[in-house]
Amino acid sequence: MSKQIFVNLPVADLPKSIAFFEALGFSRNPQFGDDSGACIVVSDTIFVMLATHARFRDFTPKAICDTSKAVEVLLNLHCESRDEVDGLVAKALAAGGSTYDKPEDLGFMYSHSFVDPDGHGWGLFHMSATPAQK
């Protein structure tokens with residue numbers, strides 16, 4: 001079995017967050033969810049566990065980050081193409097997300113990003129080659 005990653009994210013409005021990620025084209029695994037959380041399937045090995053603030057507090061004694069004032073995490077996701085990068089950013093913006101940068105083309109890598117409704121930063125990138133050695 002290959003390694004899998006389950007990223008746990010606190011969300012203020014669970015139904016709104018679920019709708020946002022479904023609008024990006026990701027599915028939900030109903031086996032892992034209830035009124036306090038949901039499992040968003042990004043790929044066969046990547047899962048985003050959305051948890052209400054009350055539920056998220058069950059996992060840590062620390063305060064939940066106020067993402068309007070501080071960065072809690074930046075998540076980076078490899079995409080199959082530049083079009084997929086641009087398409088996911090467009091879907092995120094249409095579904096209520098935002099962005100704070102412009103696309104960046106480094107020749108070997110193309111990237112752009114969005115911020116979900118709860119302030120979690122998502123960097124999207126496509127690598128078409130390995131960077132040249134210095």
Q | OG on Ser111 to CG on Leu77, rounded to 0.5 Å | A | 12.5 Å

Q: Before giving the answer on side-chain contact (heavy atoms from CB on, under 4.5 Å), spell out for Asp105 and Arg82 the whole-Å C-alpha distance, their side-chain angles and the decisive distance to 0.1 Å.
A: CA-CA 10 Å; Asp105 189 347; Arg82 293 171 58 117; 2.7 Å; yes

Q. Same cluster for Val115 and Val42 if Ile/Leu/Val/Met/Phe/Trp/Tyr side chains link at under 4.5 Å?
A. no

Q | SG on Cys79 to CD on Glu84, rounded to 0.5 Å | A | 4.0 Å

(Q) Testing the basics here: between Ser128 and Gly107, what is the closest heavy-atom pair and its distance to 0.1 Å? (A) OG-O, 3.4 Å

Q: Check whether any side-chain N or O of His126 sits under 3.5 Å from a backbone N or O of Tyr110 as a donor-acceptor pair, and report yes or no.
A: no

Q.
Tell me whether Thr67 contacts the main-chain N or O of Asp118 through its side chain, where contact means a donor paired with an acceptor under 3.5 Å.
A. yes

(Q) Quick one, Leu75 with Leu9, criterion side-chain contact (heavy atoms from CB on, under 4.5 Å). Give me CA distance, side-chain angles, the key distance, then yes/no. (A) CA-CA 11 Å; Leu75 305 158; Leu9 296 177; 4.1 Å; yes

Q. Should Phe108 and Phe125 be counted in the same cluster of Ile, Leu, Val, Met, Phe, Trp and Tyr side chains packed under 4.5 Å apart?
A. yes

Q) How long is the span from the CG atom in Leu88 to the CG atom in Leu93, to the nearest 0.5 Å? A) 11.0 Å

Q) So, the side chain of His112 versus the backbone of Asp101: is there a donor-acceptor pair under 3.5 Å, distance only? A) yes

**Q.** hydrophobic_cluster_shared for Val73 and Phe20, side chain cutoff 4.5 Å
**A.** yes

Q. Out of curiosity, does Ile18 fall in the hydrophobic cluster containing Phe32 (side-chain heavy atoms, cut-off under 4.5 Å, transitive links)?
A. no

Q) Quick one: are Leu14 and Leu50 in side-chain contact, heavy atoms under 4.5 Å? A) yes

Q) From Leu106 CG over to Met127 CE, what is the distance, rounded to the nearest 0.5 angstrom? A) 9.0 Å

Q. Going only through I, L, V, M, F, W and Y residues with side-chain contacts under 4.5 Å, is there a path from Val7 to Phe114?
A. yes

Q.
Distance check, rounded to the nearest 0.5 Å: Leu24 atom CG versus Ile40 atom CD1?
A. 9.5 Å

Q. Can you tell me how far the CG atom of Asn8 sits from the SG atom of Cys39, to the nearest 0.5 Å?
A. 9.5 Å

Q: Could you list the residues that satisfy side-chain contact (heavy atoms from CB on, under 4.5 Å) with Pro10, not counting sequence neighbours?
A: His53, Phe56, Ile64, Glu72, His120

Q: Could you walk me through whether Trp122 and Val89 pass the side-chain contact (heavy atoms from CB on, under 4.5 Å) test, one step at a time?
A: CA-CA 9 Å; Trp122 292 81; Val89 171; over 6 Å; no

Q.
Can you tell me if Asp58 has over 12 outside heavy atoms packed within less than 6.0 Å of its CG?
A. yes

**Q.** Enclosure of Asp66 CG (heavy-atom neighbours >12, cutoff 6.0 Å)
**A.** yes

Q: Quick one: do Val48 and Phe26 satisfy side-chain contact (heavy atoms from CB on, under 4.5 Å)? Show the steps, please.
A: CA-CA 10 Å; Val48 177; Phe26 302 138; over 6 Å; no

Q. Taking atom CD of Glu80 as the centre, does the number of heavy atoms from other residues, nucleotides or ligands within less than 6.0 Å exceed 12?
A. no

Q) Can you name the closest pair of heavy atoms from Ala23 and Lys91 and give their distance? A) O-CD, 3.6 Å

